[in-house]
Amino acid sequence: MHAKNLVGIWTIDSFQIEDCATGQRTHPWGERPSGMVMFSPEGRMSALITPGGRSHPKTEADEAAAFRSMLAHSGRYRVEPPNRLVTAVDIAWFEPWVGSEQVRYLDLSGDNLTLTSAPLNMPQQNAPMFAVVTWRREPVRQSD
């Protein structure tokens, strides 16, 4: 796997977390989350994921809940053969990730990409989890 294979814009298909101990999978952002990840040819990535079907916040509590229900981070990425994606996070919604290297394992088949995390402690989870995120490459639009 080479970094050039990732370059482009990807739209989320699913986000699941798997309990490391039980193997049970759940959909913390629902069956149809919203999200995109972009990989630049220069080696920078940016990702944003939210639950599908969110409503406009009406109160401060709603705004706080909306923030807690998202995932966003960006940084420099590299691919380590055979299938490791490592992102040196320089900005994130979850402050403990800033300055860390986040490892994901790649499975690329045509325009479908699955990223599986190493075991990690996700916010609002009580046990180590794997995150399994599937993406679909957006077609390149031709300029007018």
Side-chain angles (χ1 to χ4, degrees), residues 1-57 59-141:
M1 171 70 62
H2 298 283
K4 67 181 178 183
N5 300 110
L6 297 177
V7 170
I9 300 171
W10 301 78
T11 303
I12 196 166
D13 276 333
S14 72
F15 186 109
Q16 299 177 53
I17 55 173
E18 179 178 318
D19 185 293
C20 291
T22 67
Q24 180 179 3
R25 285 191 178 187
T26 59
H27 296 86
W29 281 278
E31 294 287 329
R32 301 189 54 84
S34 297
M36 298 195 122
V37 63
M38 294 178 262
F39 294 96
S40 77
E42 298 79 21
R44 180 161 287 283
M45 66 77 64
S46 181
L48 173 65
I49 301 172
T50 65
R54 292 197 314 174
S55 59
H56 186 76
T59 66
E60 286 185 23
D62 290 346
E63 288 176 357
F67 177 77
R68 285 191 307 272
S69 71
M70 66 174 285
L71 180 151
H73 68 286
S74 182
R76 307 248 350 132
Y77 74 92
R78 66 183 184 274
V79 174
E80 297 175 346
N83 68 336
R84 277 175 44 112
L85 170 66
V86 181
T87 302
V89 178
D90 54 25
I91 189 166
W93 99 114
F94 184 56
E95 195 62 30
W97 279 16
V98 175
S100 73
E101 288 197 336
Q102 293 296 307
V103 174
R104 305 293 182 265
Y105 297 92
L106 301 160
D107 182 10
L108 179 62
S109 177
D111 288 335
N112 298 300
L113 172 65
T114 301
L115 298 177
T116 304
S117 72
L120 48 82
N121 291 314
M122 300 271 302
Q124 302 171 343
Q125 301 298 324
N126 296 325
M129 302 281 175
F130 292 103
V132 181
V133 187
T134 58
W135 304 90
R136 182 180 60 265
R137 187 187 306 269
E138 280 197 3
V140 176
R141 287 180 39 185

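The chain is numbered in sequence order, starting from 1.
From Ile17, atom CD1 reaches atom OG1 of Thr26 across 3.5 Å, with rounding to the nearest 0.5 Å. Remark: Arg136 CZ to Ser14 OG distance equals 10.5 Å, nearest 0.5 Å. Going from atom CE of Met36 over to atom OG1 of Thr50 covers 11.5 Å, rounded to the nearest 0.5 Å. Interatomic distance, Tyr77 OH to Arg104 CZ, rounded to the nearest 0.5 Å: 15.5 Å. For the atom pair Asn83 CG and Thr114 OG1, the distance stands at 11.5 Å (nearest 0.5 Å). Expressed to the nearest 0.5 Å, how far CG of Asp13 lies from OG1 of Thr134 amounts to 4.5 Å.
Looking at Leu106 and Leu6, their side chains come closer than 4.5 Å, going by heavy atoms from C-beta outward.
The pair Glu101-Arg84 does not count as a salt bridge, with every side-chain nitrogen at least 4.0 angstrom from each carboxylate oxygen.
Heavy atoms only, all atoms of each residue included: Ala66 and Pro57 are closest at CB-CG, 4.4 Å. The shortest heavy-atom contact between Leu108 and Trp10 is CD1-CH2, 3.6 Å. Here the closest non-hydrogen pair linking Ser117 and Phe130 is O-CD2, 3.1 Å. Considering all non-hydrogen atoms of both residues, Ala47 and Val37 come closest at CB-CG2, 3.8 Å. Of all non-hydrogen atoms in Phe39 and Leu113, the two that sit nearest each other are CE1-CD2, 4.4 Å. Nearest heavy atom pair, residue Pro33 against residue Phe15, reads CG-N, 4.0 Å.
Judged as a salt bridge (Lys or Arg N to Asp or Glu O under 4.0 Å), the pairs with a partner in residues 22-48 (not counting sequence neighbours) are, in order, Glu18-Arg25, Arg44-Asp90.
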- Message: The test is side chain to side chain contact (heavy atoms under 4.5 Å, CB included); show your working for Ile12 and Val133 and say whether it passes.
- Response: CA-CA 7 Å; Ile12 196 166; Val133 187; 3.7 Å; yes

Exercise. Could you check Thr11 against Glu138 for side-chain hydrogen bond (donor to acceptor under 3.5 Å, both in side chains), going step by step and ending with a plain yes or no?
Key: CA-CA 7 Å; Thr11 303; Glu138 280 197 3; 3.1 Å; yes

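Remark: side-chain polar atoms of Ser74 are paired, donor with acceptor, to backbone N or O of Met45 under 3.5 angstrom. Not one N or O on the side chain of Trp29 forms a donor-acceptor pair closer than 3.5 Å with the backbone of Gly52. Under a 3.5 Å cut-off, the side chain of Trp93 and the backbone N or O of Met70 do form a donor-acceptor pair.
Under the side-chain contact (heavy atoms from CB on, under 4.5 Å) criterion, Ala92 pairs with His73, Val89, Trp97, Val98, sequence neighbours left out.
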